[in-house]
**Student:** 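Have a look at the structure that comes next, please.
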Amino acid sequence: MRLSQRAFCTFFILLYSSLAVCDGSLDARKIIKGALDQWRGLSSYSEMAMIIHRPDWERKMVMRGWTKGEKKSLVRVVEPVKDAGSGTLLLKNEMWTYSPKVNRPIKLPGSMMNQSWMGSDFTNNDIARSDDILDDYEHSLLKTELRDGHQVYVIESIPHEDAAVVWGRELITIRDDFVMLQHDLFDQDGVLVKSMVTTEIKELGGRTVASIQRMTNIEEPEKWTEMQVYAAEFNIELSDRLFTQSNLMNPRH
């Protein structure tokens with residue numbers, strides 16, 4: 001009898017939780033923030049490769065990345081030699097890019113945060129792991145479902161009227177362990193333009209993270225960019241001097 005009562009209670013709790021999600025009582029914004037924090041931690045270091053694929057060519061870049069808090073990020077290209085030293089710095093709400101060929105940091109206006117990063121299908125915002133989406137959009141939980149033993153949340157994000165973004169709508173799919181599974185981007189007419197899908201999940205640095213993500217152009221699926229993360233550390237000591245324009249140009253930290 002006790003076992004039956006316990007089973008009934010468990011079923012009731014699960015049912016109530018599911019209904020709460022459908023009613024939108026779970027905070028969609030907090031779920032997205034949880035996904036961002038899952039990757040960044042209080043601070044992070046990562047080693048990754050980016051493969052840009054086009055019908056007639058393909059190129060690969062090896063990169064290193066650092067984050068600290070929500071507003072500090074640095075990504076630096078290591079290979080190939082012709083791109084080595086190029087990088088991107090996010091500090092508070094400002095971003096700079098650097099190329100040894102130009103030999104000076106260039107500040108990007110806010111309107112360019114959603115532009116392509118080094119010819120890839122990822123944007124400057126994507127690479128910097130910026131959390132602008134939290135405040136530039138209104139988020140609502142559309143549905144929840146069970147996949148591979150995980151609760152999965154599908155969130156719709158609609159930009160505020162005054163937000164400086166190019167997308168008219170975004171759909172974000174996140175697991176209950178805050179791994180982002182899919183990110184669909186729609187234009188102002190509601191047409192799906194790009195879709196990022198997580199194709200591999202691993203434990204790196206003691207955390208479960210999306211280790212391979214591919215961003216695909218919907219109209220031209222032969223055009224895609226894949227991000228492969230093969231090493232990561234979290235909650236490590238990082239000096240603020242790492243996140244400076246001087247260090248972006250001349251790495252010392």
**Student:** Any idea which heavy atoms bring Ala84 and Pro100 closest together, and the distance?
**Tutor:**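 In terms of heavy atoms, the two residues are closest at O-CG, 3.5 Å.
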**Student:** Which heavy atom of Ser239 sits nearest to which heavy atom of Lys68, and what is that distance?
**Tutor:**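 Minimum heavy-atom contact is C-NZ, 4.3 Å.
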**Student:** Could I get the full list of side-chain contact (heavy atoms from CB on, under 4.5 Å) partners for Leu91, not counting sequence neighbours?
**Tutor:**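 For Leu91, the residues satisfying side-chain contact (heavy atoms from CB on, under 4.5 Å) (neighbours in sequence not counted) are Lys72, Trp96, Phe243.
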**Student:** Could you list who else is in Trp224's hydrophobic cluster, with ILVMFWY side chains joined at under 4.5 Å, directly or through other members?
**Tutor:**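 Under the 4.5 Å side-chain rule, Trp224 groups with Ile51.
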**Student:** Taking the side chain as everything from C-beta on, heavy atoms only, tell me whether Gln213 gets closer than 4.5 Å to Glu226.
**Tutor:**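 Not in contact.
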**Student:** Over all heavy atoms of both residues, which pair between Lys202 and Ser211 is shortest? Give the atoms and the distance, please.
**Tutor:**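 For Lys202 and Ser211, the tightest heavy-atom pair comes out as CG-OG, 3.7 Å.
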**Student:** Is Asp187 salt-bridged to Arg169, going by a charged N under 4.0 Å from an acidic O?
**Tutor:**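 So Asp187 does not pair with Arg169 through a salt bridge.
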**Student:** Roughly how far apart are Leu204 CG and Ser44 OG, rounded to 0.5 Å?
**Tutor:**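 The distance works out to 11.5 Å.
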**Student:** Tell me if the centroids of the rings in Trp39 and Phe234 come within less than 6.0 Å of each other.
**Tutor:**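 Yes - the distance between ring centres of Trp39 and Phe234 falls below the 6.0 Å cut-off.
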**Student:** Find the distance between OH (Tyr137) and CD (Glu156) and round it off to the nearest 0.5 Å.
**Tutor:**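 Going from the OH atom of Tyr137 to the CD atom of Glu156 covers 12.0 Å.
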**Student:** Less than 3.5 Å apart, any donor N or O on the side chain of Thr208 or Glu203 sitting next to an acceptor on the other?
**Tutor:**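 Result is no, nothing qualifies.
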**Student:** For residues Met180 and Ile172, determine if any side-chain heavy atom of one lies less than 4.5 Å from a side-chain heavy atom of the other.
**Tutor:**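 Counting from C-beta outward, Met180 and Ile172 do come under 4.5 Å.
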**Student:** With the threshold set at 4.0 Å, does a side-chain nitrogen-carboxylate oxygen contact exist between Arg54 and Glu222?
**Tutor:**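 Salt bridge between Arg54 and Glu222, a charged N being under 4.0 Å from a carboxylate O: no.
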**Student:** How close do Leu74 and Leu242 get, heavy atom to heavy atom, and via which atoms?
**Tutor:**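 Where Leu74 meets Leu242 most closely, the heavy atoms are CD2-O, 3.7 Å.
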**Student:** Would you tell me whether Asp184 and Ser195 have side-chain atoms, one donor and one acceptor, within less than 3.5 Å of each other?
**Tutor:**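 Per modelled atom types, Asp184 and Ser195 side chains form a pair under 3.5 Å.
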**Student:** Restricting to non-hydrogen atoms, name the atom on Pro159 and the atom on Gly168 that form the minimum distance, rounded to 0.1 Å.
**Tutor:**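 Of all heavy-atom pairs spanning Pro159 and Gly168, the closest is CD-O, 3.3 Å.
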**Student:** Going through the distances and angles, do Lys33 and Glu70 end up as a salt bridge (charged side-chain N to carboxylate O under 4.0 Å, His left out)?
**Tutor:** CA-CA 10 Å; Lys33 186 177 188 305; Glu70 299 177 353; 3.0 Å; yes
**Student:** From Met118 CE over to Ser99 OG, what is the distance, rounded to the nearest 0.5 angstrom?
**Tutor:**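 Between atom CE of Met118 and atom OG of Ser99 there are 7.0 Å.
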**Student:** How long is the straight-line distance from CH2 of Trp117 back to OG of Ser86, given to the nearest 0.5 Å?
**Tutor:**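 Spacing of OG (Ser86) from CH2 (Trp117) equals 8.0 Å.
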**Student:** Given Arg76, which of Thr88, Asn247, Leu89 fulfils the side-chain contact (heavy atoms from CB on, under 4.5 Å) condition?
**Tutor:**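 So the option named by the test is Asn247.
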**Student:** Say whether Leu134 and Met196 are linked into one hydrophobic cluster, either directly or through other cluster members, by side-chain heavy-atom distances under 4.5 angstrom.
**Tutor:**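 Yes, it is one cluster - the side chains of Leu134 and Met196 are joined through contacts under 4.5 Å.
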**Student:** With rounding to the nearest 0.5 Å, note down the distance linking CZ in Arg175 to NE2 in His150.
**Tutor:**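 Output value for this atom pair is 3.5 Å.
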**Student:** Quick check on the hydrophobic clustering: are Val77 and Met227 connected, directly or via other members, by side-chain heavy-atom contacts under 4.5 Å?
**Tutor:**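 Cluster IDs for Val77 and Met227 match.
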**Student:** Do Val197 and Ile52 belong to the same hydrophobic cluster, where Ile, Leu, Val, Met, Phe, Trp and Tyr are linked whenever their side-chain heavy atoms lie under 4.5 Å apart, directly or via other members?
**Tutor:**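 No, Val197 and Ile52 fall in different hydrophobic clusters.
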**Student:** Could you tell me if the ring centre of Tyr45 sits under 6.0 Å from that of Trp66?
**Tutor:**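 Judged by ring-centre distance (under 6.0 Å), Tyr45 and Trp66 do meet the cut-off.
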